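Everything on this sheet refers to the single structure shown next.
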Amino acid sequence: MILHELISYEVLRVIWWLLLGILLVGFAVMDGFDLGAMGLLRATARTDVERRVVINTVGPIWEGNQVWLILGGGAIFAAWPQLYAVSFSGFYLAMFAILAALILRPVAFKFRSKREEPGWRNAWDWVLCLTGLAPALLFGVAVGNVLLGVPFRLGDDMRIWYEGSFFGLLTPFALLCGLVSLFMLLMHGAAWLVFKTEGEVSARAARWGGIAAVLTSVLFVLAGVWIALGGVPGYAITSAIDPAGPSNPAAKTVAVTAGAWLANFGARPVLWLLPALGVLLPLLSLLGMRGRREWLALLSSGAAIACIILTVGAAMFPIILPSSLDPRVSLAVWDSSSSHMTLFIMLVCVLIFMPLILAYTSWVYRILRGKVDPVAIATGEGHSY
């Protein structure tokens with residue numbers, strides 16, 4: 001028996017769908033707190049020393065957190081090439097804006113304290129703040145557009161044609177999803193600041209984090225009600241499915257109906273735990289921040305992000321990217337993946353390198369454990385930024 005046949009094509013497709021979800025959650029949780037913390041920089045820190053304290057909570061680790069974004073992009077490129085083609089070409093301007101923000105962030109980290117003039121530092125503080133807020137918002141807008149359906153079609157030669165525009169992405173529902181993403185990352189960033197700082201910075205972070213937590217729950221419920229009332233029709237495959245069949249998105253029929261995104265929850269009621277926890281965990285994080293239970297606040301905010309993202313994945317399965325122009329060619333788990341051999345080789349690579357990444361990340365966080373000391377920042381000792 002050939003080695004890659006030990007795991008069936010169907011199982012490999014599901015494994016990679018799950019891995020894609022894990023990588024997206026990993027990025028949102030690991031990079032989410034430094035985006036959120038920088039988004040709150042101007043609100044939680046008022047003096048130069050306080051701002052340097054906030055910056056130094058994420059300065060030594062933010063680059064490592066970007067690994068999850070690279071892994072996610074690489075996984076999409078290799079395991080779901082058509083998904084990569086549509087998302088990275090159709091959302092080109094939005095992706096460009098996100099990448100521009102992610103490029104400006106390290107510049108701001110490195111340049112901010114090179115000069116002591118207040119105007120210089122104030123300008124870079126605004127850059128750090130805005131480059132934390134913009135990606136958090138735009139990632140959510142992208143998810144909202146995925147739920148709405150993306151305007152793409154396949155030609156007779158299977159070439160992908162995207163017929164949307166950047167401003168066409170900014171629909172009311174997509175912006176609502178953007179706000180959910182923004183406030184859940186601000187909540188996570190605030191929980192991180194409560195975890196890593198003391199005094200007035202920690203107190204302000206707890207106040208802003210509480211507001212963000214409440215808004216996360218309220219807006220998440222509002223988005224769910226919007227979908228449940230039929231404001232966002234869902235996509236459902238209505239033809240026979242061959243989970244081990246060849247990758248050909250056009251070889252199926254898809255219906256667009258109100259409530260289709262809730263069908264999986266009706267078929268498997270246990271899945272309702274995901275949105276329920278997505279509503280309750282932000283409130284638990286709020287209680288943790290207010291009660292200075294730092295681990296509770298941080299773990300609850302991270303788990304809330306995971307549940308909100310997994311709710312979207314559970315609602316859409318097996319659809320990965322629906323087409324609003326031609327629902328028939330919507331990309332699904334069963335018909336848009338790479339070959340059996342490619343998925344198997346990549347799985348072997350993941351089993352080798354993922355434990356190494358997790359071990360290294362754990363080691364770094366252990367070395368950098370503890371709170372940032374404002375006295376060390378003020379005296380120029382023990383700080384990086």
Side-chain angles (χ1 to χ4, degrees), residues 26-70 98-136 185-206 208-209 294 297-298 301-302 357 360-385:
F27 169 68
V29 172
M30 298 302 295
D31 203 36
F33 69 74
D34 61 60
L35 290 173
M38 290 300 96
L40 290 171
L41 175 62
R42 305 285 305 188
T44 57
R46 296 177 181 173
T47 67
D48 183 66
V49 171
E50 287 180 346
R51 288 175 185 166
R52 296 186 75 176
V53 167
V54 172
I55 291 169
N56 277 274
T57 64
V58 301
I61 56 178
W62 74 269
E63 291 172 299
N65 294 338
Q66 299 294 304
V67 169
W68 293 94
L69 177 61
I70 297 170
I98 290 172
L99 288 176
L102 296 180
I103 290 170
L104 281 173
R105 277 214 306 165
V107 176
F109 277 125
K110 297 298 183 182
F111 282 16
R112 191 261 179 202
S113 295
K114 295 297 184 183
R115 295 171 59 181
E116 296 184 0
E117 290 86 346
W120 172 269
R121 294 188 173 185
N122 187 61
W124 287 115
D125 288 341
W126 276 112
V127 171
L128 285 171
C129 183
L130 295 175
T131 55
L133 297 173
L185 295 190
L186 289 177
M187 167 191 67
H188 198 38
W192 174 255
L193 292 178
V194 170
F195 185 76
K196 293 290 289 184
T197 65
E198 297 178 319
E200 286 298 314
V201 173
S202 179
R204 295 188 199 109
W208 284 102
E294 300 162 358
L298 187 60
S301 64
I357 293 172
Y360 171 75
T361 301
S362 300
W363 177 78
V364 169
Y365 278 85
R366 177 173 175 77
I367 292 297
L368 297 174
R369 67 188 182 276
K371 295 183 181 292
V372 176
D373 184 3
V375 175
I377 297 293
T379 58
E381 299 177 359
H383 66 82
S384 300
Y385 298 92

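Computed over heavy atoms, backbone and side chain alike; hydrogens, waters and symmetry mates excluded. Bear in mind the structure is a predicted one, so any value in this text is a computation, not a measurement.
Judged as a salt bridge (charged side-chain N to carboxylate O under 4.0 Å, His left out), and not counting sequence neighbours, the contacts of R112 are D48, D125. Scored by the side-chain contact (heavy atoms from CB on, under 4.5 Å) test, E50 finds A45, R46, T47, E200, V201, R204 as partners (sequence neighbours excluded). Judged as a ring pair (Phe, Tyr, Trp, His ring centres under 6.0 Å), and not counting sequence neighbours, the contacts of W62 are F109. Contacts of Y365 classified as side chain to side chain donor-acceptor pair (under 3.5 Å), with partners at least two apart in sequence or in another chain: N65. Evaluation of the side-chain contact (heavy atoms from CB on, under 4.5 Å) rule for A191 yields S285, M289, A297, L298, S301 as partners, not counting sequence neighbours. Residues passing the side chain to side chain donor-acceptor pair (under 3.5 Å) test with E117 are R115, sequence neighbours excluded. Looking at residues two or more places apart in sequence or on another chain, you find a ring pair (Phe, Tyr, Trp, His ring centres under 6.0 Å) between W120 and W124. Shown here are the side chain to side chain donor-acceptor pair (under 3.5 Å) partners of K371, two or more places apart in sequence or in another chain: E294. Partners of A123 by side-chain contact (heavy atoms from CB on, under 4.5 Å), not counting sequence neighbours: none found.
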Under 3.5 Å, which donor-acceptor pairs link side chains of residues 99-108 to any protein atom two or more places apart or in another chain?
from: R105; atom 1: NH1; to: D34; atom 2: OD1; distance (Å): 2.9
from: R105; atom 1: NH2; to: D34; atom 2: OD1; distance (Å): 3.3

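Here the CD1 atom belonging to I55 is positioned 5.5 Å from the CE atom belonging to M38, to the nearest 0.5 angstrom. Once rounded to the nearest 0.5 Å, the distance linking SG of C129 with CZ of R51 reads 9.5 Å. To the nearest 0.5 angstrom, L41 atom CG is 9.5 Å from T131 atom OG1. The distance from the CD1 atom of I61 to the CZ atom of F33 is 4.0 Å, given to the nearest 0.5 Å. Atoms OG1 and CZ, from T57 and F195 in turn, are 11.5 Å apart once rounded to the nearest 0.5 Å.
Closest of all the heavy-atom pairs between A206 and V194 is N-CG2, 3.8 Å.
Within the 3.5 Å criterion, the main-chain N or O of G199 finds no donor-acceptor partner in the side chain of S202. In this structure a side-chain-to-backbone donor-acceptor pair under 3.5 Å is present from R369 to R366.
Within the 4.5 Å cutoff, no side-chain heavy atoms of L368 are placed close to those of W363. With a 4.5 Å cut-off on side-chain heavy atoms, L186 and L133 count as touching.
Evaluated for a side chain to side chain contact (heavy atoms under 4.5 Å, CB included) with R52, the options V49, N56, V54 yield exactly one hit, N56. The only member of V29, L193, L35, D31 that meets side chain to side chain contact (heavy atoms under 4.5 Å, CB included) when paired with H188 is V29.
For residues 190-199, no pair satisfies side chain to side chain donor-acceptor pair (under 3.5 Å), with sequence neighbours left out. For the salt bridge (charged side-chain N to carboxylate O under 4.0 Å, His left out) condition, no pair includes a residue of residues 126-136, sequence neighbours left out.
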